[in-house]
Protein chains: 2
Amino acid sequence: MEDVRRGEPDPRDAEPVGADTPDGEAARPYRKRKGEGHVRREEILAAAKAVFIEDGYENTTIRKIAARAHVSPTALYLYFPDKDRILIEICDSTFTRLIDEMSRIEREERDPLRRLRHMMECYLRFGLKHPDEYRLTFMAKSLGILGVNHKSAVADMDMPGTKGPQGFAKLLGIVADCISAGYLKGDDPELTAELIWAGGHGLVSLLITHPHFPWSDQEALIKGMLDMQLRGMLAEGHR
Amino acid sequence: MEDVRRGEPDPRDAEPVGADTPDGEAARPYRKRKGEGHVRREEILAAAKAVFIEDGYENTTIRKIAARAHVSPTALYLYFPDKDRILIEICDSTFTRLIDEMSRIEREERDPLRRLRHMMECYLRFGLKHPDEYRLTFMAKSLGILGVNHKSAVADMDMPGTKGPQGFAKLLGIVADCISAGYLKGDDPELTAELIWAGGHGLVSLLITHPHFPWSDQEALIKGMLDMQLRGMLAEGHR
DNA sequence: GACGTTAACTTAACGGCGTTCAGTTATCAA
DNA sequence: TTGATAACTGAACGCCGTTAAGTTAACGTC
């Protein structure tokens, strides 16, 4: 990962008052110039992400983040209303990559059914690859933010905590395509999408929370889940 | 729920030294007689359960439990190694009821396929009915206890934190029956049981963590999940 | 009935947490 | 030079889970 201190090589930044460490890490006191607070905000987010990755979700504290950003704990409250908001923004930046991957699949794969399968597989692997972010985004107590109608997800794309719904909106669109094209049975895309999401989420979340359970081979689980779900949803004509 | 103070109407219990409250709640100081510590243990568990139900998992603290049990916070450590253990025992006592219900289904329903469906439905409804206990048992960070081989679950039936695996063991047995009877496809009962569990868990846990999401009708979700799973797993001959 | 042992329980404190309050200091336009 | 204000800090609050050390009541034994 990148260093916390980046960009704009300002002399005052490079040699803050009282600096005495010869290495890259600057010592306090040191502050941003007026109007540069947003830079500090970014630095705090970068520090938070580093702590989050190194120490995990449970062990990420305000004081650790502050120390890593060379700032007092109180300073975080100049830029974020509370700890939750910081973690949400971290997770959002991670899940933006999932949305991107999903969009790529949408572009590259034309067949609706293969699209659906490919996208769900992408979701599963992403969740298993980023367990801490996944936990916080989908497994922690909801903050009510998910309550926004996912149909209007486009309107507030950059609102923190909405990356989950955005991903679901993509899934919903594809499921609707599959149904109207006659590949999947049923007449309720929302219900079908929710069930498919639930199945995938169940596998990811169980593997994350119970790593010591004597699971079958992970690849077999992924394939098995996709098979079971699609086979269970396939329209009569396509079985 | 029952009062915290129950059983053995000992005069010393009814009128502890320094008692001055006229109602049922006794004032401290007051202590159990020698050899009666296990009674205090039960009282603490009852108090913990009450707090757990009233205030929820997140807001249950050692100090609240102690206050409700008319005991100092440190007293809890005479009977439990840490807070987790108290919560685990609460959840176990709840999930014992699930195991019981599952056993009843096993007795009453002979057809393997109906057995499986009925049991999964039972699991879903139970989870949705006891969200806090479900969270703690299946959605919190695993304590490594689940790591015990579920085949030997019978050996340590009363070991705290093993109610989850015991439930899975039941599911596994039924799935194996369904496969060997030719109802379900595949040749790997473990894999199949894990997938079915994962699907059910996904639905329950999403509904619990994201209550504000615009879900479809809950009954439709339950039925839809069971249909999708069984349809997806049904052997060729039985479709 | 006094005595020593020990189970039952408490008080005080530790080090942590997220967060708030009341400043302080550096910056910058006028 | 000054006054306004953005950027930031130190000290504290009220929680938390947990530990160490001490106290008190109950009991078997003489």
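Note that the structure is predicted; figures quoted are calculated from it, not measured. By convention in this document, chain letters (A, B, ...) are assigned in the order of the sequence lines, proteins followed by strands, and residues within each chain are numbered from 1.
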Worksheet item: What residues form a salt bridge (Lys or Arg N to Asp or Glu O under 4.0 Å) with B:Arg97, not counting sequence neighbours?
Response: none
Worksheet item: Would one find a side-chain N or O of A:Arg40 under 4.0 angstrom from OP1 or OP2 of D:dC8?
Response: yes
Response to the item:
Applying side-chain contact (heavy atoms from CB on, under 4.5 Å) to B:Asn59 and not counting sequence neighbours gives B:Asp55, B:Lys64
Worksheet item: Got a sec, which residues hit side-chain contact (heavy atoms from CB on, under 4.5 Å) with B:Thr74, two or more places apart in sequence or on another chain?
Response: B:Ser72
In whole angstrom, what separates [X]'s [atom1] from [N]'s [atom2]?
X       : N      : atom1 : atom2 : value
A:Lys34 : C:dA30 : NZ    : P     : 12 Å
A:Leu78 : D:dT5  : CG    : P     : 17 Å
B:Leu76 : C:dA8  : CG    : P     : 15 Å
B:Arg33 : C:dT6  : CZ    : C1'   : 17 Å
A:Glu36 : D:dC8  : CD    : C1'   : 15 Å

Discussion item. Looking only at the aromatic ring of each residue, does the gap between the centers of A:Phe138 and A:Phe95 stay below 6.0 angstrom?
Written reply: yes
Worksheet entry | side-chain hydrogen bond (donor to acceptor under 3.5 Å, both in side chains) partners of B:Arg125, counting only residues at least two apart | B:Glu121, B:Glu219
Discussion item. Among residues at least two apart in sequence or on other chains, which ones pass side-chain hydrogen bond (donor to acceptor under 3.5 Å, both in side chains) with B:Ser93?
Written reply: B:Lys49
Discussion item. Please classify the nucleic acid contact of A:Tyr79 as base, sugar-phosphate, or nothing, using heavy-atom distances under 4.0 Å.
Written reply: sugar-phosphate
Worksheet entry | Under 4.0 Å protein heavy-atom contact, by nucleotide of nucleotides 14-23 of chain D - B base, S sugar-phosphate only | --BBBBB---
